[in-house]
Amino acid sequence: MSACTPTRHDRASRGTPRPSLRRPPRLRPRIPAADVSASITVFLIAVPMALGLSLAVGAPLEAGLVAAAVGGIVAGLFGGAPLQVSGPSAGLTVVTAELIQIYGWRTTCAITIGAGLLQILLGTLRVARNALAVSPAIVHGTLAGIGVAIALAQLHIMLGGSPQSSVVANALALPGQLAVIGGAAPLIGALTIAVVLLWPRLPGRVGRTARRIPAALASVVIATAVAAVAAPGLARVDLPSWRSHAFPELPHGPVLALATAVFTVMLVAGLESLLAAAAVDRLAADRAGEPVKPPSPASGSAAAVPPQRSDPDRELRGQGVANTLSGLLGGLPVAGGVVRGAANVRAGATGRASSVLHGVWVLLAAALLVTVFEWIPLAALAALVMVVGVQMVSFAHIRNVHKHREFPVYATTVAGVIGFGALAGVALGVAVAVVVSLHRLGRTKIAVSEQDGRHVVTVHGQLTFLSVPRLSRALGQLPSGADATVELDGSFMDHAAYEAIQTWRGAQIAQGGSVAFTGRSGGSIALAGRSDGVALTGRSGGVAAPTVAAAHSCCRPWTPWRNHHCHDRPTRPTHTTSTTSAISTTSLTETVTFTPGSAPDTARPESAHRLRSGLTSFQRNTAPLVRDELARLASEGQSPSQLFITCADSRLVTSMITASGPGDLFTVRNVGNLVPLPHALPTDSPPTGTPPTDAPATHTAPTTGDDSVAAAIEYAVEVLRVESITVCGHSGCGAMQALLRGEPEAGPDRPRTPLWRWLRHGLPSLERMASRRRPWARISGRLPADEVEQLCLTNVVQQLEHLRAHEAVARRLAQGTLQLHGMYFHVGEAQAYLLTEGADSGAGHDEVFDRVGTEGPEPAAARPTTCSTAHPTTCTTG
């Protein structure tokens, strides 16, 4: 739940505004210290990666530095993912290497420019979100295939040889390369791999200190130092002079082939950037959700910064600008990278300043550290890039696609990329994905059975033209004119299946039979203005593609409360509830009006059927979805973050209004959401009815306490260590109505009932509302509807005061480890209100409930609302 929003009443703002004493704003922007630190970390990772990828594709080594600088500065400024860091694309390694072999480096730069312009166009047309509709199995399969190609090619360089022209050729030549292995290059490469893998796992205090240095940088530095001493003759980086740097030229070659190359570079770079942006968003969200100490304003820590969701279309345009400029300056294609972005987030970056600064550092290093770069062995760079390629084959992705039964799509894409290239692999993956989808549509299960003399046809899955032959055979097995029930367990029916069912249904009815259509929970299908059991409605009410208006289409598995009256139920007496419930001497009852000829609504035989039907629906629909989560909670135990005290009213669904799930809330429900005081106060018999308006608020408590609620509070606060307690009242509360009407007279022949013995815990709320010395509880933006709503609001504030009297709660509040929240839920409006911070902390501020909108609580109005205690419905604003 959202934190409460404090309400401020600035009286000075009503008069003449005071002269501003603030200093004029600074002209130069302030860069957070966290962004500077993160930019250095990413820079130390990006430089060896840029040199290694340039070596992998056969481009000039300085081209990787150009791409890293342009990607950091340009994509950082214009991109839509503030925490993503762009640079040379590992996913484009195979594509770029092939383009250089076919067209040469300068034409490849021109192709990069064309891909960048195409990205700008598509980003302007806002199609980036549509690109994310590609199956994740295809995208991850493409990256995995490219990773295999990178690893095989760099393995040859690490072993002292040269890579072949294709992945298959590299694989076939590997045994021969292993047969002639020798020299220092394989040892330096193995040392680099060992440092990359073991550096993050260094133990102890020294390890924690050393892990601040990126593993990629540490591996290259150690390998360079060892090579300088043990193998001075080993091949090293050779950065040519910037004066001989190659720039793009007009492309030469077949137009169709060049257009295909431009499209391939655009597609792979765009998908890689968008996927990386989504991954960085998740990392940033996880970081923001960590329980951390709030930083001071000058600390520059990123812990208190909320996650910033990326804009895919802006990100695609930013990547297009970066690719265009990188191609113009003779750099590699640019894309967002998960490795650089993850390092940026973990280093504490707060915004795009980190990415821009990283590009500036790369630019300075390319100009000033050329001599240092030339000490790096080529074998070390090859080993580093090979590790990156292997990591692109993620076993977590393989398990995920296997879990969703999409491994054939993944495997086909990987094989296509390895054997035929990136674009051909993507096309093969899409084709297999279409075939798998059609196969699933056609795998509808149709079963025929007989129950109590009635034939039942059960259809599990979607009804399309692919399943019409089996559907017709199943329906044909039923005798002509027989009574039949068709249970449709699917959400879609195309026109072919609809016509088949309609034709069969007409024939059955013509021969004296009856046909009923039901949904997955056994209830009759809700019709949309038809009598045929099938709905044919579109968004605007016109005829559209046939859809089954089955029970499960309006009562989805995760929300069984939604439209739960859409199923046919046995006829039950209808009743209307009066606005104010009557209090009898024995119970809190509703005024009920029965329809003529109906029996009193006492023992209802259908209630047992309804319970069994609901349980069956849960076991069929919801249990498979929550079983893994509940199994985890069963093994780990419960650790809720909130204690939620609310009314037992059946209209209050706590998990729905708080968007919570299993294990989130420790809930206590009772009549009137009351919190009895933790100790008994010896008092006389409380007065009957509403006390006079001038009576002091004595907080009369019953002579006996209640240990049930106190036990739940103690367990939640002391054992479960919840972080907050919420008291939630609601509109139309019958308990509050009963308190306003007053307690019936008790005597020897008419003792107090258990209900009234419990409701006496709410008398302090009634006295609080009647007291002239207490501020009125009210709703921001509107006046309380009546005295019932006024008492509901006041009761929430009073119960929070009772909570603070509990020893465990008071101790945690003093330690600053517990928060109290007040909440009011208007049932008819489906609107939540949160008590302002001053009120629920006991600070004595105005007791105002702020309306919670889609963006959070709305602040209360500056002008206070004054209400008459004698006439609760008379209020003025001023």
Side-chain angles (χ1 to χ4, degrees), residues 89-95 98 122 127-152 166-168 170-171 260-261 263-279 281-282 312 316 335-338 388-445 460-467 490-492 494 624-625 628:
S89 169
L92 279 170
T93 302
V94 177
V95 178
E98 185 179 358
L122 294 178
V127 300
R129 296 186 185 274
N130 297 331
L132 295 177
V134 178
S135 171
I138 297 174
V139 178
H140 295 310
T142 303
L143 297 178
I146 292 173
V148 171
I150 292 174
L152 286 175
S166 67
V167 183
V168 177
N170 281 324
T260 302
F263 180 80
T264 303
V265 173
M266 179 278 303
L267 178 66
V268 177
L271 287 177
E272 185 178 4
S273 299
L274 295 176
L275 285 176
D281 281 348
R282 287 194 295 269
L316 190 59
V338 177
V388 174
V390 172
Q391 291 175 345
M392 292 172 69
V393 185
S394 172
F395 289 100
H397 292 155
I398 295 176
R399 288 194 299 268
N400 194 30
V401 297
H402 186 270
K403 176 182 177 180
H404 291 87
R405 298 182 300 169
E406 291 186 335
F407 185 77
V409 179
Y410 179 89
T412 303
T413 307
V414 172
V417 171
I418 293 176
F420 307 103
L423 190 60
V426 170
L428 287 174
V430 171
V432 173
V434 171
V435 173
V436 170
S437 300
L438 291 176
H439 177 66
R440 289 174 179 173
L441 286 176
R443 286 190 61 187
T444 304
K445 297 180 180 179
H460 294 280
Q462 318 309 320
L463 279 175
T464 66
F465 66 95
L466 297 173
S467 56
S491 60
F492 178 78
D494 71 1
L625 302 177
D628 292 342

For the residue pair Val95 and Val265, establish whether any side-chain heavy-atom pair is separated by less than 4.5 Å.
->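 Sidechains of Val265 and Val95: in contact.
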Under 3.5 Å, is there a donor-acceptor pair between the side chain of Ser273 and the main chain of Gly336?
->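 Yes, because the side chain of Ser273 sits within donor-acceptor range (under 3.5 Å) of the backbone of Gly336.
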Counting only N and O atoms by type, is there a donor-acceptor contact under 3.5 Å from the side chain of Thr444 to the main-chain atoms of Gln462?
->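 Confirmed, Thr444 side chain pairs with Gln462 backbone.
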Quick one: [atom1] on [X] to [atom2] on [Y], what's the gap to the nearest 0.5 Å?
{"X": "Thr142", "Y": "Glu272", "atom1": "OG1", "atom2": "CD", "value": "10.5 Å"}
{"X": "His140", "Y": "Leu271", "atom1": "NE2", "atom2": "CG", "value": "11.0 Å"}
{"X": "Asp494", "Y": "Thr464", "atom1": "CG", "atom2": "OG1", "value": "5.5 Å"}
{"X": "Ile418", "Y": "Asn170", "atom1": "CD1", "atom2": "CG", "value": "11.5 Å"}
{"X": "Asn400", "Y": "Tyr410", "atom1": "CG", "atom2": "OH", "value": "11.0 Å"}
{"X": "Met392", "Y": "His397", "atom1": "CE", "atom2": "NE2", "value": "11.0 Å"}

Where do Val393 and Val148 land on the side-chain contact (heavy atoms from CB on, under 4.5 Å) test, with the steps shown first?
-> CA-CA 7 Å; Val393 185; Val148 171; 3.9 Å; yes
Do you know which two heavy atoms are closest between [X] and [Y], and how far apart they sit?
{"X": "Leu316", "Y": "Gly270", "answer": "CD1-CA, 4.2 Å"}
{"X": "Thr413", "Y": "Gly429", "answer": "OG1-CA, 3.2 Å"}
{"X": "Ala144", "Y": "Val414", "answer": "CB-CG2, 4.0 Å"}
{"X": "Val426", "Y": "Leu267", "answer": "CG1-CD2, 4.3 Å"}

Residues in side chain to side chain donor-acceptor pair (under 3.5 Å) with His402, at least two apart?
->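 With sequence neighbours excluded, His402 shows a side chain to side chain donor-acceptor pair (under 3.5 Å) to no residue whatsoever.
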Would the number of heavy atoms belonging to other residues, nucleotides or ligands and lying under 6.0 Å from CD of Glu98 be above 12?
->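 Counting other residues, nucleotides and ligands, CD of Glu98 stays at 12 neighbours or fewer.
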Candidate pair Val430 and Ile138, rule side-chain contact (heavy atoms from CB on, under 4.5 Å), full reasoning | CA-CA 7 Å; Val430 171; Ile138 297 174; 3.7 Å; yes
Between Val409 and Val401, is a side-chain contact (heavy atoms from CB on, under 4.5 Å) present by the stated rule, with each step listed?
-> CA-CA 9 Å; Val409 179; Val401 297; over 6 Å; no
